[in-house]
Amino acid sequence: MSEPLNILHILSGFDPGGWEGRIVRLMNLWGHSARHSLMIGNARKSGACQEIDADVDVTVLPDAPALNGRPTYAALSALARAMRGYDLVLTYNYGAVNAVMARRLFGRAMRLPPLIHHEDGFGADEVGRLSRTRNLYRRLALPGARALVVPSCQMATIGICSWNTAASRVHHIPNGIEVAAYARRPFPDAIPGLDKSNGRVVVGTVANLRAVKALTRLVRIAAPLREQIQLVIVGDGPEREAIQAEARRVGIEVLMPGHLPRPQDYVGLFDIFALTSDAEQFPLPLIEAMAAGLPVLSTDVGDIASMLSGSNRPYLFAAADESGLTRGLTALVADATLRARLGAANQQRAMDAFDERGMVQRYAQLYGTAARSSALVDAAPPPTAHRKTGAL
């Protein structure tokens with residue numbers, strides 16, 4: 001047996017979300033094959049730690065060096081020193097680019113471990129146009145990374161063309177899930193406050209409540225159908241009050257139960273999955289909805305068009321086309337047969353393209369090659385590892 005891989009994860013925040021869920025899932029699947037240390041820039045944003053299995057060896061580092069702020073010599077050298085002693089360093093998104101720069105500047109002198117950087121998307125401030133300053137800083141820092149990992153074709157193109165990263169170092173690894181877990185019957189009481197006995201069509205979404213998710217748009221497009229639907233928004237974040245205020249303004253009730261773990265237990269309670277973001281790359285909740293056999297109404301952003309089944313693509317609309325989104329939602333609400341047909345096609349697409357086994361193998365190979373270890377490659381968790389059991 002190989003020795004467990006000693007991994008340092010560097011993140012600006014680690015609240016529950018799409019890419020955070022991927023990290024948790026990999027940790028749980030690899031179990032005792034790795035030890036994990038988390039350097040979290042904002043200690044108050046560490047809620048995803050609660051979803052890591054109890055038998056996983058994970059430590060949140062106290063008093064870690066600051067991740068944000070000016071990249072001074074003192075700040076970068078402190079980050080570099082914090083990387084010593086690990087087999088592999090994993091950094092995530094722009095909030096950790098200072099660490100990537102530190103690895104570039106001090107890697108050889110301090111004999112630092114290899115570093116792999118991940119980019120999963122952008123905030124509301126870069127919708128439509130990337131920041132020139134951030135692009136430049138990434139170009140300067142990314143030579144310090146052994147590889148750049150992205151989940152979408154769009155992000156791969158940005159990595160090569162905007163950040164000048166050699167194509168050989170850009171690894172496009174689409175997100176994956178345990179598809180079979182979502183095809184099971186959902187737990188009927190998994191969403192607190194949801195009443196399915198009234199016959200209304202349940203329109204739901206799962207998201208981190210940030211501005212880029214444009215959930216006030218979802219509230220507006222759903223409002224004309226207030227008598228026929230139940231609108232459910234699962235998740236937490238800074239936009240919660242804005243969403244509730246918009247719901248009051250347009251006169252629709254929205255069930256907002258907060259963050260709920262284990263989406264495989266409740267996503268299937270939705271009748272329609274809605275995604276109205278201004279920007280996405282390769283959203284994990286969309287794959288979860290497809291695996292649960294749901295039809296999808298969405299804005300046409302990121303890789304979503306290529307992710308969905310062909311029959312569902314007519315229900316993609318430009319982010320600015322709120323009237324089109326309302327028309328699409330109206331058609332889906334009105335036709336149960338259409339919903340069933342699109343949902344079945346999406347589920348088959350998820351089974352064919354997005355099962356997690358391929359994703360896990362690719363990450364294990366990439367990380368193992370960088371660290372010169374077979375620990376993760378040797379790990380072979382059973383298909384139902386780390387799942388609770390219960391009556392369905």
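When a residue number appears, it is its place in the shown sequence, counting from 1. Heavy-atom basis, side chains included; hydrogens, waters and symmetry copies ignored.
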One pair to check against ring-ring contact (aromatic ring centres under 6.0 Å, His included): F106 and Y73. What are the steps and the verdict? CA-CA 10 Å; F106 299 102; Y73 178 90; 5.5 Å; yes
Taking D335 for its side chain and L338 for its backbone only, find out whether a donor-acceptor pair lies under 3.5 Å. yes
Measuring from I116:CD1 to L366:CG, what's the distance to the nearest 0.5 Å? 4.0 Å
Distance-only donor-acceptor pairs under 3.5 Å for side chains of residues 225-237, two or more places apart:
{"residue": "R226", "atom": "NE", "partner": "A223", "partner atom": "O", "Å": "3.3"}
{"residue": "R226", "atom": "NE", "partner": "G251", "partner atom": "O", "Å": "2.7"}
{"residue": "R226", "atom": "NH1", "partner": "A223", "partner atom": "O", "Å": "3.4"}
{"residue": "R226", "atom": "NH2", "partner": "A223", "partner atom": "O", "Å": "3.3"}
{"residue": "R226", "atom": "NH2", "partner": "V250", "partner atom": "O", "Å": "2.6"}
{"residue": "Q230", "atom": "NE2", "partner": "D195", "partner atom": "O", "Å": "2.6"}
{"residue": "Q230", "atom": "NE2", "partner": "N198", "partner atom": "OD1", "Å": "3.2"}
{"residue": "D236", "atom": "OD2", "partner": "H259", "partner atom": "N", "Å": "3.2"}

Side chain to side chain donor-acceptor pair (under 3.5 Å) filter on R138, not counting sequence neighbours, yields E119
Spacing of CG belonging to N28 relative to CD belonging to E51, to within rounding of 0.5 Å: 9.0 Å
Linking I/L/V/M/F/W/Y whenever any side-chain heavy atoms sit under 4.5 Å apart, do V89 and L76 land together? yes
Which atoms form the tightest heavy-atom contact between R217 and A319, and what is the distance? NE-O, 3.0 Å
Salt bridge or not between D265 and R262? Use side-chain N to carboxylate O under 4.0 Å. yes
Residues which pass side chain to side chain contact (heavy atoms under 4.5 Å, CB included) with S162, listed by chain and number, not counting sequence neighbours: L130, N135, I158
Is the backbone N or O of G13 less than 3.5 Å from a side-chain atom of N42, with the two atoms forming a donor-acceptor pair by type? no
Indicate the ring-plane relationship of F282 and H172, choosing parallel, tilted or perpendicular according to the 30° and 60° boundaries. perpendicular
Verify the neighbour count for atom CE of M256: are there more than 12 heavy atoms of other residues, nucleotides or ligands below 6.0 Å? yes
Kindly say whether M307 contributes a backbone atom to a donor-acceptor pair with the side chain of R349 at under 3.5 angstrom? yes
Side-chain contact test, heavy atoms from C-beta onward, threshold under 4.5 Å: evaluate it for Y367 versus W30 and give yes or no. yes
Do R81 and S77 come within less than 4.5 Å of each other through their side chains, counting heavy atoms only? yes
When hydrophobic residues are tied together by side-chain contacts of less than 4.5 Å, even through go-betweens, does Y315 share a cluster with F273? no
Determine, step by step, whether I191 and L260 satisfy the side-chain contact (heavy atoms from CB on, under 4.5 Å) criterion, reporting the C-alpha distance in whole Å, the side-chain angles of both residues, the deciding distance to 0.1 Å, and the verdict. CA-CA 8 Å; I191 300 179; L260 300 175; 4.1 Å; yes
Pairwise side-chain contact, L194 with V202, heavy-atom cut-off 4.5 Å (strictly under): yes
Classify the side-chain pair T216/E246 by whether it contains a donor and acceptor separated by less than 3.5 Å. no
What closest approach, in Å, do L79 and A102 show between heavy atoms, and which atom pair accounts for it? CB-CB, 4.0 Å
Connected via hydrophobic side-chain network under 4.5 Å: L325 and V296: no
With a 4.5 Å heavy-atom cut-off, do L286 and L308 have their side chains touching? yes
Show your reasoning for whether side-chain contact (heavy atoms from CB on, under 4.5 Å) applies to R84 and L112. CA-CA 6 Å; R84 291 186 296 195; L112 298 180; 3.4 Å; yes
Are L294 and N346 close enough that some pair of their side-chain heavy atoms sits under 4.5 Å apart? no
Nearest-0.5 Å distance that lies between atom CG in L136 and atom CZ in R134: 13.0 Å
Please check: side-chain N/O of R103 versus main-chain N/O of P113, any donor-acceptor pairing under 3.5 Å? yes
Nearest heavy atoms of I7 and A34, plus distance in Å: CD1-CB, 4.1 Å
Would you sort out whether D271 and R339 count as a side-chain contact (heavy atoms from CB on, under 4.5 Å), showing the intermediate values? CA-CA 8 Å; D271 297 304; R339 295 198 301 272; 4.2 Å; yes
Would V201 end up clustered with L269 when hydrophobic side chains under 4.5 Å apart are linked, directly or stepwise? no
Closest non-hydrogen atoms of L38 and C49, given as atom of the first, atom of the second and distance, are CD1-SG, 3.7 Å
When you measure from the side chain of T276 to the backbone N and O of A214, does any donor-acceptor pair fall under 3.5 Å? yes
Side-chain contact, heavy-atom cut-off 4.5 Å: V301 with I304? yes
Could you walk me through whether M39 and L11 pass the side-chain contact (heavy atoms from CB on, under 4.5 Å) test, one step at a time? CA-CA 6 Å; M39 182 190 297; L11 330 88; over 6 Å; no
Could you check if a side-chain atom of H117 sits within less than 4.5 angstrom of a side-chain atom of L142, using non-hydrogen atoms only? yes
Under the 3.5 angstrom rule, does the side chain of N98 hit a backbone N or O of L67 as a donor-acceptor pair? yes
In terms of side-chain geometry, is the basic nitrogen of D87 or R35 positioned less than 4.0 Å from the acidic oxygen of its partner? no
By side chain to side chain donor-acceptor pair (under 3.5 Å), S323 pairs with (sequence neighbours left out) D321
Salt bridge flag under 4.0 Å for residues R22 and E356: no
Between atom CE of M359 and atom CD1 of I287, what is the distance when rounded to the nearest 0.5 Å? 8.5 Å
Using a distance-only test with no angle check, is there a side-chain donor-acceptor pair under 3.5 angstrom linking T326 and E322? no
State the OG1-CD distance between T299 and E280, to the nearest 0.5 angstrom. 7.0 Å
Does S374 use its side chain to pair, donor to acceptor, with the backbone of V377 at less than 3.5 Å? no
Going by the angle between their ring planes, with limits at 30° and 60°, are H9 and Y92 parallel, tilted or perpendicular? parallel
Using 30° and 60° as the class limits, which term best fits the ring planes of Y363 and H118: parallel, tilted or perpendicular? parallel
Work out which heavy atom in Q281 is nearest to a heavy atom in S152; give both atom names and the distance. OE1-OG, 2.8 Å
Of all residues at least two apart in sequence or in a different chain, which pass the side chain to side chain contact (heavy atoms under 4.5 Å, CB included) check with N164? R139
Is V212 linked to V219 within one hydrophobic cluster, defined over Ile, Leu, Val, Met, Phe, Trp and Tyr using a side-chain heavy-atom separation of less than 4.5 Å? no
Please name all residues satisfying side chain to side chain contact (heavy atoms under 4.5 Å, CB included) with S37, sequence neighbours left out, ordered by chain then number. L8, L61, Y86
Is any side-chain heavy atom of L140 less than 4.5 Å from a side-chain heavy atom of M101? yes
Looking at CG of N208 and OG of S277, how far apart are the two atoms once the value is rounded to the nearest 0.5 Å? 10.5 Å
Do you know which two heavy atoms are closest between K45 and I40, and how far apart they sit? O-CG2, 3.7 Å
What I want to find out is whether K213 reaches E239 closely enough, with some N-O distance under 4.0 Å, to be called a salt bridge. no
